[in-house]
Amino acid sequence: MLKTDFESQKNRYRVFGNMALVVPKELDELEKPFSLHSPKPFEIRLQVPDLRVPIRNFLRTREVGEFLSGALAGAMTKAVLAPLETIRTRLVVGVGSKNITGSFIEIIEQQGWQGLWAGNGINMLRIIPTQAIELGTFECVKRTMTSAQEKWKQIEGPKLQIGHVNVNFSLSWVSPVAVAGAAAGIVSTLACHPLEVLKDRLTVSPDIYPSLSIAISKIYKDGGVGAFYAGLSPTLVGMLPYSTCYYFMYEKLKKSYCQSKKKKSLNRPEMLVVGALAGFTASTISFPLEVARKRLMVGALQGKCPPNMVAALAEVIRDEGLTGLYRGWGASCLKVMPASGITWTFYEAWKDMLLVEKRIL
């Protein structure tokens with residue numbers, strides 16, 4: 001008994017010289033180091049929210065899928081058709097030869113084969129956000145307008161009574177596709193116009209602007225931030241009819257063809273043809289405005305920039321006649337038609353792969 005008590009307390013002795021003291025059990029426990037299993041006296045826990053699920057759900061939304069599909073389609077199309085874009089820009093602006101073959105030979109002689117891809121780096125940087133914003137805006141506005149029309153049909157829309165006359169406001173006469181096309185062109189132009197300015201400078205005057213960094217520095221030095229938006233007004237004026245007509249024609253041709261063939265959707269070759277026809281029609285209708293726009297944007301390089309779009313059109317007619325309004329139209333169609341067809345084909349293909357609801361169906 002005594003031995004047991006001594007053994008139970010011997011670990012509690014503390015020796016100080018020739019003296020031995022018994023330490024109380026409570027103080028003895030405090031002197032022991034904290035073990036891995038003992039509770040910590042103070043602890044702060046920060047719980048970081050798991051964002052993987054929200055991010056994954058966001059990336060799977062329809063809008064993101066359409067945005068990415070537009071970006072990928074634009075990049076793939078532009079990589080293939082960059083030489084035609086270079087030739088078209090030179091013909092429209094009036095640099096060098098006045099025909100496609102002569103312009104092609106001229107570029108090869110002066111700059112080599114790589115000259116056909118002059119400004120293609122900035123062109124790719126321009127087309128990726130432009131196509132993403134344009135196609136994404138088109139799809140979003142089209143859905144919104146279609147939904148608004150359905151709601152107005154159900155509630156019969158607002159009415160205005162003036163005396164004995166009742167005026168019914170209706171959205172049935174408004175084409176959701178036309179409104180969406182116009183919105184797509186305006187939004188993408190406002191967002192990406194500085195890239196268009198850089199692309200034109202690099203393409204038309206590679207000797208003055210040999211690289212992207214030099215072009216940005218020189219343009220900013222000459223005119224500040226506003227120089228990157230040179231020609232914005234005529235660009236919007238030219239883009240509005242083109243974008244409206246382009247998307248309207250594509251949807252109209254696609255719908256009419258599917259109804260005539262009694263099918264739900266187009267196959268890839270049919271998309272290529274329908275897209276090409278839509279691009280051809282839109283380009284033909286709006287091409288004079290495109291000529292005036294290009295003249296205004298690069299006119300400063302030649303020291304004779306017209307003050308506005310009307311003056312630019314008058315100058316073209318005075319110098320070259322009415323046919324001057326369609327100078328470079330052949331090269332433009334040569335570029336626009338395959339570009340439109342290929343873009344729609346790639347776009348619909350990427351949507352089939354990226355949109356979850358389409359994969360489920």
Side-chain angles (χ1 to χ4, degrees), residues 58-59 61-79 81-82 85 89 119-145 176-203 209 212-213 215-217 219-220 223-248 250 278-279 282-283 286 289-290 292-294 296-298 309 335-336 339-340 343-344 346-347 350-351 354:
F58 173 74
L59 293 176
T61 59
R62 185 180 187 89
E63 289 75 14
V64 172
E66 291 166 348
F67 186 90
L68 292 176
S69 298
L72 292 168
M76 295 171 72
T77 302
K78 191 58 64 177
L81 301 176
E85 171 70 11
T89 301
N120 191 50
I122 184 62
N123 215 6
M124 292 293 287
L125 291 176
R126 177 188 68 88
I127 200 63
I128 290 174
T130 298
Q131 285 295 96
I133 294 171
E134 187 173 318
L135 288 166
T137 302
F138 170 73
E139 298 281 11
C140 183
V141 174
K142 185 177 72 171
R143 282 196 300 272
T144 303
M145 285 295 299
V177 175
V179 174
I186 292 173
V187 172
S188 63
T189 299
L190 290 174
C192 303
H193 186 75
L195 296 175
E196 178 73 15
V197 172
L198 286 169
K199 189 266 297 183
D200 285 338
R201 299 291 177 93
L202 289 168
T203 302
Y209 306 97
L212 177 59
S213 59
I216 294 174
S217 176
I219 293 173
Y220 181 78
V225 177
F228 290 98
Y229 286 90
L232 178 61
S233 297
T235 298
L236 289 173
V237 172
M239 176 57 70
L240 190 61
Y242 173 83
S243 183
T244 304
C245 179
Y246 174 60
Y247 287 99
F248 180 81
Y250 177 77
S283 179
S286 63
L289 297 176
E290 172 72 3
R293 182 181 74 87
K294 291 290 184 180
L296 287 171
M297 289 185 67
V298 300
M309 180 167 279
K335 175 257 179 183
V336 169
S340 301
T343 297
W344 279 112
F346 281 143
Y347 176 65
W350 278 111
K351 278 207 306 183
L354 295 177

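The heavy-atom pair separating Ser69 from Leu354 by the smallest distance is OG-CD1, 3.6 Å. Shown here for Ser286 and Gly238, the closest heavy-atom pair between the two residues is CB-O, 4.2 Å. Scanning both residues, Ser243 and Ala182, for their nearest heavy atoms gives OG-N, 4.3 Å. Taking both residues in full, the closest heavy atoms of Gln131 and Gly74 are given as CG-CA, 3.7 Å, listed atom of the first, atom of the second, then distance. When all heavy atoms are compared, the tightest approach of Tyr242 to Ser340 is OH-OG, 4.4 Å. Between Val197 and Ala227, the shortest heavy-atom contact is CG1-O, 4.0 Å.
You'll find the side chain of Tyr209 reaches within 4.5 Å of the side chain of Ile219, heavy atoms only. Side chains of Pro129 and Leu195 form a contact here, defined as non-hydrogen atoms less than 4.5 Å apart. Tyr247 has its side chain within reach of Leu135: a pair of non-hydrogen atoms, C-beta onward, lies under 4.5 Å apart. Annotation: side chain of Phe67 is not in contact with side chain of Glu139 (no heavy-atom distance under 4.5 Å). The closest side-chain heavy-atom distance from Val141 to Val187 is not below 4.5 Å. At least one side-chain heavy atom of Leu232 sits under 4.5 Å from a side-chain heavy atom of Leu190. Considering only heavy atoms from C-beta on, Glu66 comes within 4.5 Å of Tyr347 through its side chain. When side chains are defined from C-beta on, Val177 counts as touching Lys142, because their heavy atoms get closer than 4.5 Å.
Thr343 OG1 to Ile127 CD1: the interatomic distance, rounded to the nearest 0.5 Å, is 7.0 Å. The distance from the NZ atom of Lys78 to the CG atom of Leu125 is 12.5 Å, given to the nearest 0.5 Å. Atom CE in Met145 sits 14.0 Å away from atom CZ in Arg143 (nearest 0.5 Å). The structure places SG of Cys140 at 13.0 Å from CD1 of Ile133, a figure rounded to the nearest 0.5 Å. Once rounded to the nearest 0.5 Å, the distance linking NE2 of His193 with OG of Ser188 reads 12.0 Å. Atom CZ of Phe346 and atom CG of Leu72 lie 10.5 Å apart (nearest 0.5 Å).
Between the side chains of Glu134 and Tyr246, no donor-acceptor pair is found at a separation under 3.5 Å.
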Audit row: Glu196, Tyr229, side chain to side chain donor-acceptor pair (under 3.5 Å) steps and yes/no: CA-CA 9 Å; Glu196 178 73 15; Tyr229 286 90; over 6 Å; no
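A donor-acceptor pair is defined here as one N or O able to donate and one able to accept, closer than 3.5 Å; such a pair exists between the side chain of Thr189 and the backbone of Gly185.
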